[in-house]
Amino acid sequence: MLLKTFGAAVCGIDAIKVTIELSIDKGIGFTIVGLPDAAVRESYERVRSALHEMDCDLPRRHIVINMSPADVKKEGAAYDLPIAVGLAAGTGRFKHDVLDSYLIMGELALDGSVLPIKGALPMAIMARQAGIKGFILPSANASEAAVVNNLKVFGVDRLSQVIEFFCGHTTIEPTVINTREEFRKGAELFDLDFNEVKGQENVKRAFEVACAGGHNILLVGPPGSGKSMMAKRLPTIMPPLTLQEALETTKIHSVAGKLSRGSRLMTCRPFRSPHHTISPVALVGGGSNPMPGEISLAHNGILFMDEFPEFSRAVLEVLRQPLEDRLISVSRAKYSIEYPAGFMLVASMNPCPCGYYNHPSRECTCPPGAVQKYMGRISGPLLDRIDIQVEILPVSFEELSSVKTGESSAEIRQRIISARNIQSERFKNERSVYCNAQMNSRLLKLHTKLSDEAMGVLRTTMERHRMSARAYDRILKVARTIADLDHADDIAPRHILEAVSYRNLDRSSWGQQINKLPFQSPQ
């Protein structure tokens, strides 16, 4: 007897259809072929025990299971359920031709319970594209898969439910979710707000410019100045995800198994904050069982790297290619996978090892040359990819104790959305360019033409501060974003001056002397 069930294998962040062929013939034995890993080969004992719990023992015959396409590696225990259903059909419980219309995935416990799986969303998307009628999977993953329209999603808790369903003895109500309604309800739910931040108006403005143009940003300041606290509020002012972005982001987190039980569609931009001891593989993805790394988990959102110079040099250097290409390619001997990596880098660091260089009230205790050596941990090519570099100072006691609330995240967000709409119209005919930070040399010349007055201001400021040549393009991109926030068609001298103020580390005086700034002590 030969029968088939259908499952799926995840490759990168997409799924492919897997045909599970079961041959039950004379003899005794159990064999799985088709490049299964150890977890798939061990399914025999789980399936046998689960079927025994519902008084359906394996046929005493020679069973061969082939998983096609045979050149794609099958990983994990999610193939337990389709194998068990196929074997139940082989015992004559129900007609096996009813299996042709369903994709079946799920891990089995020994008592027949169906356990959660990874990658339910890309599997559901593949099932709809393949014209499959329904998707049977664990109840814990049903909400996640049900965001895909025009596909019946059946969540189950036990193997017996599936068998009874195919026998026609019971019905399973499909999980139904209004995707657009779910997306709309969760798009603006935040626990944090920028109106809770006291002072630091210049840093808030830098964040607004960075989010409006998609610019990477680096904060340099002493401990306790509020770098991490403000960075965690960045998702509240980022433009909302589009439905397509939300689906793509949810797919990545689904494949990585990062969605909580019962999760549906991700409606807020991701905020990933890896520790500085992270390995290069954990950051970019890959491994023996390929999984997306932190770079891809931050896709369409923010990658926050606190204590930037404390990351290993190897980790920092792997950022260079995805920052430029918005894509990470992981190539190993046995596989080659591409993961999306369109994130905004937000980094923060102390100005020196002791943390108090340029502090207005505390003395730096670092030896001569320590500041330059500390900054030297970040390579020039990586620093070149960070458009905005802002120095941040502690907040005075008067600002901390003030009862006056600052501007809310909602107000800042509206200005950012308006600026992004201008950029969407500007780049509507460009491929893979969505914001000012992604402009190449051709687009830069086309959209950042300066008047003689603005060019004179740029020349004067760059010569005065002896800025490097790499700062030129970055200043123009940031100035274009500032002009968009002002709804200005042309870049004015004031836009140039503000953009120059966001290049603190390019100034020749940085690291050479301590400039004391006025500060009111809390005494």
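Owing to the predicted nature of the structure, the values given are computational and were not obtained by experimental measurement.
The side chain to side chain contact (heavy atoms under 4.5 Å, CB included) search around K95 returns D97, not counting sequence neighbours. For S348, the side chain to side chain donor-acceptor pair (under 3.5 Å) partners two or more places apart in sequence, or in a different chain, are D306. Residues satisfying the side chain to side chain contact (heavy atoms under 4.5 Å, CB included) test with T91, not counting sequence neighbours, are C56, P59, R93. The ring pair (Phe, Tyr, Trp, His ring centres under 6.0 Å) search around F166 returns F94, Y102, not counting sequence neighbours. For E45, the side chain to side chain donor-acceptor pair (under 3.5 Å) partners at least two apart in sequence or on another chain are R48. Remark: F30 pairs with Y44 by the ring pair (Phe, Tyr, Trp, His ring centres under 6.0 Å) rule, at least two apart or across chains. The side chain to side chain donor-acceptor pair (under 3.5 Å) search around D473 returns none, not counting sequence neighbours. For F427, the ring pair (Phe, Tyr, Trp, His ring centres under 6.0 Å) test picks out H447, with sequence neighbours left out. Under the rule for a side chain to side chain donor-acceptor pair (under 3.5 Å), the partners of S379 that lie at least two apart in sequence or sit in another chain are E317.
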In sequence, state the C-alpha distance, the side-chain angles, and the governing distance for V284 and Y339, and then conclude on side chain to side chain contact (heavy atoms under 4.5 Å, CB included). CA-CA 9 Å; V284 304; Y339 292 119; over 6 Å; no
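A donor-acceptor pair is defined here as one N or O able to donate and one able to accept, closer than 3.5 Å; no such pair exists between the side chain of E425 and the backbone of R420. Under the 3.5 Å distance criterion, the side-chain polar atoms of H62 are left unmatched by any main-chain donor or acceptor of G29.
Screening residues 232-253 for salt bridge (Lys or Arg N to Asp or Glu O under 4.0 Å) gives D14-K251, E196-R233, E245-R269 as the qualifying pairs, with residues at least two apart or on separate chains. Judged as a side chain to side chain donor-acceptor pair (under 3.5 Å), the pairs with a partner in residues 108-117 (not counting sequence neighbours) are, in order, D111-S113, S113-R158.
By the neighbour-count criterion of 12 heavy atoms within 6.0 Å, atom NZ of K204 is densely surrounded, having more than that number from other residues, nucleotides or ligands.
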Pairs under 3.5 angstrom only: tabulate donor-acceptor contacts from the side chains of residues 65-82 to other protein residues two or more places apart or in another chain.
{"residue": "N66", "atom": "ND2", "partner": "E21", "partner atom": "OE1", "Å": "2.8"}
{"residue": "K74", "atom": "NZ", "partner": "G34", "partner atom": "O", "Å": "2.8"}
{"residue": "K74", "atom": "NZ", "partner": "M67", "partner atom": "O", "Å": "3.3"}
{"residue": "K74", "atom": "NZ", "partner": "P69", "partner atom": "O", "Å": "2.6"}
{"residue": "K74", "atom": "NZ", "partner": "V72", "partner atom": "O", "Å": "2.5"}
{"residue": "Y79", "atom": "OH", "partner": "A8", "partner atom": "O", "Å": "2.9"}
{"residue": "D80", "atom": "OD1", "partner": "R46", "partner atom": "NH2", "Å": "3.2"}
{"residue": "D80", "atom": "OD2", "partner": "R46", "partner atom": "NE", "Å": "2.6"}
{"residue": "D80", "atom": "OD2", "partner": "L108", "partner atom": "N", "Å": "3.2"}

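In summary, the side chains of S418 and H487 do present a donor paired with an acceptor at a separation below 3.5 Å, with no hydrogens or angles considered.
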